[in-house]
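Reviewing the structure listed below.
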Amino acid sequence: DTGVSQDPRHKITKRGQNVTFRCDPISEHNRLYWYRQTLGQGPEFLTYFQNEAQLEKSRLLSDRFSAERPKGSFSTLEIQRTEQGDSAMYLCASSGGQGASSGANVLTFGAGSRLTVL
Amino acid sequence: QKEVEQDPGPLSVPEGAIVSLNCTYSNSAFQYFMWYRQYSRKGPELLMYTYSSGNKEDGRFTAQVDKSSKYISLFIRDSQPSDSATYLCATGGRSASKIIFGSGTRLSIRP
């Protein structure tokens, strides 16, 4: 297992276009998270899956954003009608195990997908 | 008020110095605490994980959690230029859903 993989690493698009990012988590992890990070800020939570169920979504996730994890394995994050304010690093992370004391909440991050909206 | 507050720095210290990085949080329900290191244009990588209050040591790194004052710290001993990075504190509650990050402290170790 090579860890969490994200694709593409960098996407440049024009305002109004749709973009999709893919995340392949660590295979035995049942939880998958999407975060957004802008320059000089920490990661901001967007959404979270346990297996294929999307259990929580941030207010940051407007109607233009949609995330799926159809078979409980890889996930996609789609942004429709991109705006310049969507320019950021989109980070995917996964976690697994049982119980907070065992470190089940430890997130392993991918390298991120950087979005530039012109 | 942000749920997790962290001084953004930047912090610059000479090689070999002891570094102290700190965060405060507002939600007393937070149960577990993490420190991540992030190099430029890379994803964060886990440094330390602690569950509840106390100290945890791993090599040159020591994490401290004081739940009474809602204060978490990371100490780096014998700092090296390779420690230059952004350090992120993170915390979450028992539900293990949303994990909240601080804004990160940019650290530079001068040779």
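Letters go in sequence order (proteins before strands), and every chain restarts at 1. On a predicted model such as this, the values are computed, not experimentally measured, just so you know.
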Passes side chain to side chain contact (heavy atoms under 4.5 Å, CB included), Phe61(B) versus Phe75(B)? Steps please.
CA-CA 6 Å; Phe61(B) 299 90; Phe75(B) 298 96; over 6 Å; no
Between chain A and each of Gly102(B), Pro8(B), Gly104(B), Pro44(B), count heavy-atom pairs under 4.5 Å; write down the option with the most.
Pro44(B)
When the 4.5 angstrom heavy-atom criterion is applied to Gln38(B) and chain A, the contacting part is side chain
Is chain A contacted by the side chain of Arg106(B), its backbone, both, or neither, given a heavy-atom distance below 4.5 Å?
neither
What is the ring orientation for Phe101(B) with Tyr35(A), classed by angle as parallel under 30°, tilted 30 to 60°, or perpendicular over 60°?
perpendicular
Charged N-O contact under 4.0 Å between Asp83(B) and Arg60(B)
yes
Does the side chain of Gln80(B) come under 3.5 Å of the side chain of Asp78(B) through a donor N or O and an acceptor N or O?
yes
Examine whether an atom of Leu55(A) lies under 4.5 Å from a heavy atom of chain B, and if so say whether it belongs to the side chain, the backbone or both; otherwise answer neither.
neither
Does a side-chain N-to-carboxylate-O contact under 4.0 Å join Arg77(B) and Glu57(B)?
yes
Quick one: what part of Gln6(A) sits under 4.5 Å from any heavy atom of chain B, side chain, backbone, both or neither?
neither
